[in-house]
Amino acid sequence: QIDYSIRKNWDTCWVVDPVDGTKEFIKRNGEFTVNIALVTNGIPALGVIYVPATQTIYFSDVENSQAFKADLKSHNTPIEDVLKIAKTLQPKHGLSATVEVVGSRSHMNQDTLDFVESLKSQDKTVEIVSKGSSLKFCLVAEGKADVYPRFAPTMEWDTAAGHAICNAVGLSVISKETQKPLLYNK
């Protein structure tokens with residue numbers, strides 16, 4: 001049993017989600033991930049998202065503003081080889097005429113649909129890209145989508161690694177209620 005009163009005093013902790021996208025895992029569509037984040041003083045400092053089905057890894061170092069993606073040949077690829085083949089992530093800069101909104105494959109809700117309609121009312125063409133798990137953060141960080149709105153409840157282990165990857169490339173992950181970055185290890 002964990003004494004959570006002690007946990008609240010930790011300055012640094014690991015946030016791990018061993019299977020993010022449980023519904024995607026059960027459906028066997030390959031859109032599930034393993035998420036690991038190092039959180040310091042409530043802020044994600046490092047993030048790793050691994051996609052076992054495609055042997056793709058995303059990782060970041062927020063302090064040095066670096067995020068990468070590597071397509072591996074094996075689950076057992078040595079870290080030295082991962083670093084050699086990793087490509088720098090580059091998000092889009094500014095919105096184009098078509099706004100690519102990445103949404104949840106299993107959790108699309110009315111708030112998200114309303115968000116899409118609000119973009120359309122601004123004379124934007126909207127394309128919805130559906131993905132499962134934390135892959136939605138990765139798509140925005142690598143420039144394959146413009147925005148990932150999430151209006152349904154979520155847990156810290158679902159967002160911490162993706163948050164770190166987005167922060168490392170200069171993107172913000174904010175709370176709709178507070179309009180401030182999410183905090184972890186609360």
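None of K124, Q122, E127 except one satisfies the side chain to side chain contact (heavy atoms under 4.5 Å, CB included) rule with V99; the exception is K124.
Pairs of residues two or more places apart, or lying in two chains, that qualify as salt bridge (charged side-chain N to carboxylate O under 4.0 Å, His left out) and include a residue from residues 109-123 are E117-K120. Under the salt bridge (charged side-chain N to carboxylate O under 4.0 Å, His left out) criterion, the residue pairs touching residues 31-50 are E31-R105, E31-K131, with sequence neighbours excluded. Among residues at least two apart or in separate chains, side chain to side chain donor-acceptor pair (under 3.5 Å) pairs with a member in residues 57-66 are Y58-E142, D61-N64.
Closest non-hydrogen pair, A164 versus V62, comes out as O-CG2, 3.3 Å. When all heavy atoms are compared, the tightest approach of I49 to C138 is CD1-SG, 3.7 Å. The minimum heavy-atom distance linking R150 with A152 is given by the pair NE-O, 3.4 Å. Of all the heavy atoms in A161 and I36, the pair that sits closest is CB-O, 3.5 Å. Taking both residues in full, the closest heavy atoms of L171 and P91 are given as CD1-CB, 3.8 Å, listed atom of the first, atom of the second, then distance. Minimum heavy-atom separation, V34 to P18: CG2-O, 3.4 Å.
In this structure V173 satisfies the side-chain contact (heavy atoms from CB on, under 4.5 Å) test together with F137, H163, C166, L182, sequence neighbours excluded. Every residue meeting the side-chain hydrogen bond (donor to acceptor under 3.5 Å, both in side chains) condition with Y50, not counting sequence neighbours, appears here in chain and number order: H75. Not counting sequence neighbours, the partners of Q90 by the side-chain contact (heavy atoms from CB on, under 4.5 Å) test are H93. Residues passing the side-chain hydrogen bond (donor to acceptor under 3.5 Å, both in side chains) test with Q55, sequence neighbours excluded: none. Every residue meeting the ring-ring contact (aromatic ring centres under 6.0 Å, His included) condition with F32, not counting sequence neighbours, appears here in chain and number order: F25. S172 meets the side-chain hydrogen bond (donor to acceptor under 3.5 Å, both in side chains) test with no other residue; sequence neighbours excluded. In this view, N35 and D20, T33, S134 satisfy the side-chain hydrogen bond (donor to acceptor under 3.5 Å, both in side chains) rule, not counting sequence neighbours.
The closest side-chain heavy-atom distance from T40 to D11 is not below 4.5 Å. Looking only at side-chain heavy atoms (C-beta outward), V101 and L119 come within less than 4.5 Å of each other. Using a 4.5 Å heavy-atom cutoff, the side chains of V16 and W157 are not in contact. Considering only heavy atoms from C-beta on, L139 comes within 4.5 Å of V129 through its side chain. You'll find the side chain of V48 reaches within 4.5 Å of the side chain of I57, heavy atoms only.
Here the CG atom belonging to D158 is positioned 8.5 Å from the NZ atom belonging to K136, to the nearest 0.5 angstrom. Considering NZ of K176 and CD of Q179, their distance stands at 9.0 Å, rounded to 0.5 Å. Note that SG of C13 and CG of N41 are 10.0 Å apart. Values are rounded to the nearest 0.5 Å.
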Side-chain donor-acceptor contacts of residues 80-89 below 3.5 Å, not counting sequence neighbours, with atom names and distances?
none

Checklist line | Test side chain to side chain contact (heavy atoms under 4.5 Å, CB included) applied to V102 and V140, step by step | finding: CA-CA 8 Å; V102 66; V140 176; 3.9 Å; yes
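Through direct or relayed side-chain contacts under 4.5 Å between Ile, Leu, Val, Met, Phe, Trp and Tyr, L183 connects to I43.
For the pair D146 (side chain) and E100 (backbone), a donor-acceptor distance under 3.5 Å is present.
Linking Ile, Leu, Val, Met, Phe, Trp and Tyr residues whenever their side-chain heavy atoms come within less than 4.5 Å places V147 and L113 in a single cluster. Side-chain heavy atoms closer than 4.5 Å link hydrophobic residues (I, L, V, M, F, W, Y) into clusters, and following such links, even through other members, never connects I174 to M155.
Side-chain atoms of S104 and Y148 form no donor-acceptor pair, as typed in the model, at a separation below 3.5 Å.
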